[in-house]
S.K.: 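Okay, here's the structure, questions in a sec.
Owing to the predicted nature of the structure, the values given are computational and were not obtained by experimental measurement. Order of the sequence lines sets the chain letters (A, B, ...), proteins ahead of strands, with each chain counted from 1.
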There are 2 protein chains.
Amino acid sequence: MVDRALALADVEGLDAVTIRRLAQEFGVTPMALYWHVRNKDELLDAMGDRLFADIDVDALASTGPWQQQLRRLVAALVAALRAHPAAAMLGAQRVLFCESGWELAERTLQLLVKAGFEVGMACDIASYAMQTAVMLVVRRPGEPTTAVDEREAITTAKRTVLAQLPRDRYPLLVESAVALTSVDDEEAYYRFGIDLFIAGIEGIRPKGAKRPS
Amino acid sequence: MVDRALALADVEGLDAVTIRRLAQEFGVTPMALYWHVRNKDELLDAMGDRLFADIDVDALASTGPWQQQLRRLVAALVAALRAHPAAAMLGAQRVLFCESGWELAERTLQLLVKAGFEVGMACDIASYAMQTAVMLVVRRPGEPTTAVDEREAITTAKRTVLAQLPRDRYPLLVESAVALTSVDDEEAYYRFGIDLFIAGIEGIRPKGAKRPS
DNA sequence: ACCTGAACACCGTTCAAGT
DNA sequence: ACCTGAACACCGTTCAAGT
């Protein structure tokens with residue numbers, strides 16, 4: 001049922017995931033679902049939890065310098081969310097409330113503390129990391145609530161608007177109409193986002209941080 | 001009407017903003033609103049646009065080194081979104097489609113190009129900046145769709161769950177139950193987020209970048 | 001120019017009842 | 001243990017009609 005809901009979200013957007021629609025997919029009456037799930041929120045939570053299920057923290061954060069470990073963790077998180085972009089935002093509220101999320105969070109905190117950050121700072125960074133991963137996935141163009149069919153139309157419409165702006169007032173916007181409304185290389189896009197995050201972390205880290213381990 | 005909708009979102013969450021509810025607030029029948037707005041999406045768009053209305057780009061990005069200008073722009077964006085946290089996410093899809101958003105975007109691109117980034121990279125950074133600002137505001141705890149009344153209850157519930165986790169498996173999570181579920185100093189939180197962003201940008205910038213201006 | 005009434009196709013959810 | 005029927009209080013939206 002959770003998988004079916006995720007599949008539905010992937011194709012038609014998160015808004016299409018309704019109790020009634022899901023029941024229809026199962027060839028069953030809407031009320032039947034209430035036997036398996038307490039209410040819709042519980043279903044959405046379960047969808048969020050599922051996102052983290054396949055992340056193998058141990059394999060990611062055991063060897064190498066902390067920057068690389070952190071990068072691998074964030075990259076794995078992003079990859080997990082990318083599997084279901086429409087549902088990715090559900091993950092943000094669920095990391096701290098499911099087994100696999102705990103594993104991920106604890107490891108990240110551990111890693112940051114070992115790197116010399118104090119616990120409070122490690123918490124801020126870990127939260128920021130999670131939010132950044134979600135942000136990268138739930139990004140432009142086309143809200144996650146949109147069906148895949150409409151996405152392309154929305155994108156070109158947006159692009160057209162930008163391209164027709166007055167050139168004298170907004171030269172860079174007009175020039176960048178395409179670049180601002182689409183992502184040509186997905187992998188490069190995510191690499192850039194993660195690079196930026198890691199660079200930020202390294203940038204704010206106190207220079208003479210001790211390494212207790 | 002847009003202001004009323006924002007006010008409603010502030011108090012009861014974005015989910016409370018419905019055509020029918022809004023009509024009720026105005027002491028009018030739901031269908032009356034369709035005279036002033038084509039449909040609900042148009043209303044949400046207008047709410048998103050309103051968020052940028054008070055940003056005075058010229059005052060922010062005219063003097064000083066580019067890092068400071070960029071910081072001021074992002075800070076102003078964050079401040080603008082913070083005025084209506086529940087509606088902040090609406091801004092993300094609207095920056096490129098309203099007057100004040102264009103002003104903001106063009107200025108940011110301009111600034112980045114002057115700083116030595118090529119136009120494509122400047123676009124990526126500007127998009128990232130916008131997303132980061134939204135992310136910082138639409139953050140934990142309590143989804144933007146939640147009413148203010150419920151927020152506190154949700155927060156303490158989450159905290160309790162974390163505090164009761166097995167200490168041997170998740171020592172850092174248990175220790176950080178409070179830190180992970182709340183923000184004690186709002187200003188420090190936002191400063192941290194913006195610092196991290198700026199540090200990232202400086203980190204990825206090519207060292208010998210030329211300064212054409 | 002601005003609003004209403006009636007109607008339609010959707011929601012989530014409860015609760016008693018069926019097998 | 002698992003599902004249904006009927007019902008309720010909500011949505012957004014259209015369209016003809018009122019003033």
S.K.: What one-letter contact string describes nucleotides 12-19 of chain C from 5' to 3', where B marks a base within less than 4.0 Å of any protein heavy atom, S marks contact via sugar-phosphate atoms alone, and - marks no contact?
M.R.: BBB-----
S.K.: How would you list, by chain and number, every residue that makes a salt bridge (Lys or Arg N to Asp or Glu O under 4.0 Å) with A:Glu118, sequence neighbours excluded?
M.R.: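 So A:Glu118 forms no salt bridge (Lys or Arg N to Asp or Glu O under 4.0 Å) with any residue.
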S.K.: Among residues at least two apart in sequence or on other chains, which ones pass salt bridge (Lys or Arg N to Asp or Glu O under 4.0 Å) with B:Arg21?
M.R.: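 So B:Arg21 forms a salt bridge (Lys or Arg N to Asp or Glu O under 4.0 Å) with B:Glu12, B:Glu25.
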S.K.: Which pairs with one or both residues in residues 80-97 of chain A pass salt bridge (Lys or Arg N to Asp or Glu O under 4.0 Å), sequence neighbours excluded?
M.R.: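 Checked against salt bridge (Lys or Arg N to Asp or Glu O under 4.0 Å) - neighbours excluded - the pairs reaching residues 80-97 of chain A are A:Asp45-A:Arg94, A:Asp49-A:Arg94, A:Arg82-A:Glu186, A:Arg82-A:Glu187.
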S.K.: Without decimals, in angstroms, what is the distance between B:Leu33 CG and C:dT4 C1'?
M.R.: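 So the two atoms are 12 Å apart, to the nearest Å.
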S.K.: Checking B:Tyr170 now: which residues fulfil side chain to side chain donor-acceptor pair (under 3.5 Å) with it, not counting sequence neighbours?
M.R.: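 Side chain to side chain donor-acceptor pair (under 3.5 Å) check on B:Tyr170 returns A:Glu99, A:Glu103.
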S.K.: With sequence neighbours left out, what residues match A:Asp195 under salt bridge (Lys or Arg N to Asp or Glu O under 4.0 Å)?
M.R.: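 Listed in chain order: A:Arg71.
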S.K.: Of all residues at least two apart in sequence or in a different chain, which pass the salt bridge (Lys or Arg N to Asp or Glu O under 4.0 Å) check with B:Asp41?
M.R.: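 B:Asp41: no salt bridge (Lys or Arg N to Asp or Glu O under 4.0 Å) contacts found.
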S.K.: What closest approach, in Å, do A:Thr155 and A:Thr181 show between heavy atoms, and which atom pair accounts for it?
M.R.: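 Reported closest heavy-atom pair: CG2-O, 3.2 Å.
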S.K.: Using atom CE of A:Met1 as one end and atom P of D:dC2 as the other, report the distance to the nearest whole Å.
M.R.: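 In whole Å, D:dC2 P lies 13 Å from A:Met1 CE.
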S.K.: Within the pair B:His36 and C:dA1, is there a side-chain N or O less than 4.0 Å away from OP1 or OP2?
M.R.: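 It does not, given that no N or O in the side chain of B:His36 lies less than 4.0 Å from OP1 or OP2 of C:dA1.
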S.K.: Could you pull out all donor-acceptor pairs under 3.5 Å where a side-chain atom in residues 29-37 of chain A meets a protein atom, sequence neighbours excluded?
M.R.:
none

S.K.: So what's the dot-bracket for DNA chain D: Watson-Crick or G-U pairs under 3.5 Å, [ ] if a pair crosses, | if it pairs off-strand?
M.R.: ||.|||||...|||||.||
